[in-house]
Amino acid sequence: RARASMEPATPEGEAGPPVHGVTNTVVGVLGGGQLGKMLCQAASQMGVKIAILDPLEGCPASSVCSEHVVGSFSDGDTVREFAKRCGVLTVEIEHVDAVTLEKLEKQGVDCEPKASTIMTIQDKYRQKKHFSKFGIPLPDFVEVETLHSIEEAGEIFGYPLMVKSKRLAYDGRGNAVARSKEDLSSVVASLGGFEHGLYVERWTHFVKELSVIVARSRDGSTVCYPVVETIHKDNICHIVEAPAEVSDKIKKLATNVAEKAIKSLEGAGVFAVELFLTEDDEILLNEVAPRPHNSGHHTIESCYTSQYEQHLRAILGLPLGDPSMKAPAAIMYNILGEDEGEAGFVLAHQVIRRALNIPGASVHWYGKPEIRKQRKMGHITIVGPSKNTVKSHLDTLLQRDAHETK
Ligand code: ATP
Ligand code: MG
Ligand code: MG
């Protein structure tokens, strides 16, 4: 029974006892990819109803949500209509129509996190300006609008130079590296020119990439998940190690930077803070995601409260859960498409078969209708009694058997 309600999602604000779980509030989620799917799985456990808005029939979340509205989360009218059936609106992707969310908020629709947060984050240049204003350590950056200004930036920042699209970036699509001044015009062209907005960042010679997931409740209190290390391949998250192998001092610094960054944003939910650890033991913020994140997949099996359950607790005004790990170590491996079509599924299946024979390994398959190269198709989390154990299990997972063909 979907309840159309504009009331705030606080359990206290509701009339009568919950009829279908921990709350009567229907959660509306913009986006129905793998993050939406895992949110629905956590919601299902607690008896929380989720409506999903996603244009793709058969999107990953569609098999587990209470209701799938087929439509675009970038279209104002569609989002407005969708909001009518939800008690609280949230996102599993930041590339949504934030202008409409802002208007809806003014009309009393409860968006968590707030539209202002989505607006700030979905434009990476605006995001950087915001965090810089709040004194968060960042790589140097500057907006570029002409070939002349990007050349000037290259002279100041040196090479390699990281050139980024302001908007619609994910999995490194939207980033390009210029090795020298001569590269600049082709790099700009590869990002579609200056029209859609570009900025550049000083190259960070990081020793590790770290991530901290911060959850914030509706009353503003926060809890932080243990610092993890993210290992990227071709700009795409490949492996996540929890906890990160860094000193306590670095863990504390990373957590402090992450918490401070999130406190500068508005609204409830979980937020992922991607960080660089430099050679000089500095922590710089790379970017924030206003939602559950790939670096928190492991929390499903390894933490007392997963990031997905935590996000629901936060936006629904329920008490936040314990973010700490209940196992000494976890490692997460993303299953990326290695080939198109049937051949891609065969390769992915081989990894899954091996995972099923590894102690402590859990397989997640997102059920995307099509497989493409470099597309996130699923992931495997291995939980175990020590870092060495989970790492050696990962080695086993990644060794192709002799009879398997590449
Ligand atoms: P996501 O899928 O996390 O949203 P994205 O497309 O927004 O990714 P970024 O997070 O900006 O891309 O960058 C992707 C990766 O590129 C980073 O994780 C890091 O490995 C590398 N990178 C980004 N910025 C820099 C920088 N200034 N210096 C060096 N490497 C960088
Ligand atoms: Mg990003
Ligand atoms: Mg990123």
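Read the numbers this way: they start at 1 and go in the same order the structure lists the ligands and their atoms.
Counting the atoms of ligand 1 from 1 in the order shown, those under 4.0 Å from a heavy atom of His232 are 18 (O). For ligand 1, the atoms sitting less than 4.0 Å from at least one non-hydrogen atom of Asp171 are 1 (P), 2 (O), 6 (O), 8 (O), numbered in the order shown with element in parentheses. Atoms of ligand 1 lying under 4.0 Å from at least one heavy atom of Glu274, given by number and element, are 3 (O), 10 (O). Atoms of ligand 1 lying under 4.0 Å from at least one heavy atom of Tyr170, given by number and element, are 2 (O), 4 (O), 6 (O). Ligand 1 places these atoms under 4.0 Å from at least one heavy atom of Lys124: 5 (P), 7 (O), 9 (P), 11 (O), 12 (O).
The protein heavy atom nearest to atom 30 (N) of ligand 1 is Phe206 CE2, 3.6 Å. Looking only at protein heavy atoms, the nearest one to atom 4 (O) of ligand 1 is Glu287 OE2, 3.0 Å.
Counting only distance, with no hydrogens or angles, the side chain of Glu282 and the backbone of Leu277 share no donor-acceptor pair below 3.5 Å. For the pair Glu274 (side chain) and Leu210 (backbone), a donor-acceptor distance under 3.5 Å is absent. Side-chain N or O atoms of Arg216 include one that pairs as donor or acceptor with a backbone N or O of Gly267 at under 3.5 Å. Side-chain N or O atoms of Thr389 include none that pairs as donor or acceptor with a backbone N or O of Pro385 at under 3.5 Å. No donor-acceptor pair closer than 3.5 Å links the side chain of Thr117 to the backbone N or O of Pro113.
Within 6.0 Å of CD in Gln45 there are 12 or fewer heavy atoms belonging to other residues, nucleotides or ligands. The environment of Lys376 atom NZ is dense: over 12 non-hydrogen atoms of other residues, nucleotides or ligands sit within 6.0 angstrom.
A salt bridge between Glu309 and Arg313 is present, with a side-chain N of the basic residue lying under 4.0 Å from a carboxylate O of the acidic one.
Residue-level check: among N/O/S atoms of Glu287, OE2 sits closest to the Mg ion (ligand 3).
Under 4.0 Å from ligand 1, the heavy atoms of Asn286 that appear belong solely to its side chain. Contacts between Arg202 and ligand 1 below 4.0 angstrom, taking non-hydrogen atoms only, involve the backbone exclusively. When non-hydrogen atoms are compared, ligand 1 lies under 4.0 Å from the side chain of Asn175 (C-beta onward) but not from its backbone.
By the 3.5 Å distance cut-off applied to N or O atoms, Phe276 is not counted among the residues near ligand 1.
Heavy-atom separations between Gly174 and ligand 1 are all 4.0 Å or longer.
Comparing heavy-atom distances from atom 19 (C) of ligand 1 across Lys376, Glu201, Glu209 singles out Glu209 as nearest. One option in Gly172, Pro160, Ala169 has a heavy atom closer to atom 6 (O) of ligand 1 than any other, and that option is Gly172. Between atom 21 (C) of ligand 1 and the options Asn235, Ile236, Val177, the minimum heavy-atom separation is to Asn235. For atom 11 (O) of ligand 1, the nearest non-hydrogen atom from the set Lys164, Lys233, Arg173, His293 comes from Lys164.
Among the candidates Arg167, Arg126, Arg291, Lys124, the single residue satisfying the salt bridge (charged side-chain N to carboxylate O under 4.0 Å, His left out) test with Glu94 is Arg291.
At a cut-off of 2.8 Å, Glu274 is not counted among the residues with an N, O or S atom near the Mg ion (ligand 2).
A side chain to side chain donor-acceptor pair (under 3.5 Å) check over residues 148-165, counting only residues at least two apart or in different chains, returns the pairs Thr146-Ser149, His148-Glu152, Lys164-Glu201, Lys164-Asn286.
Looking only at atom types and distance, the side chain of His298 has no donor-acceptor partner in the side chain of Tyr225 under 3.5 Å away.
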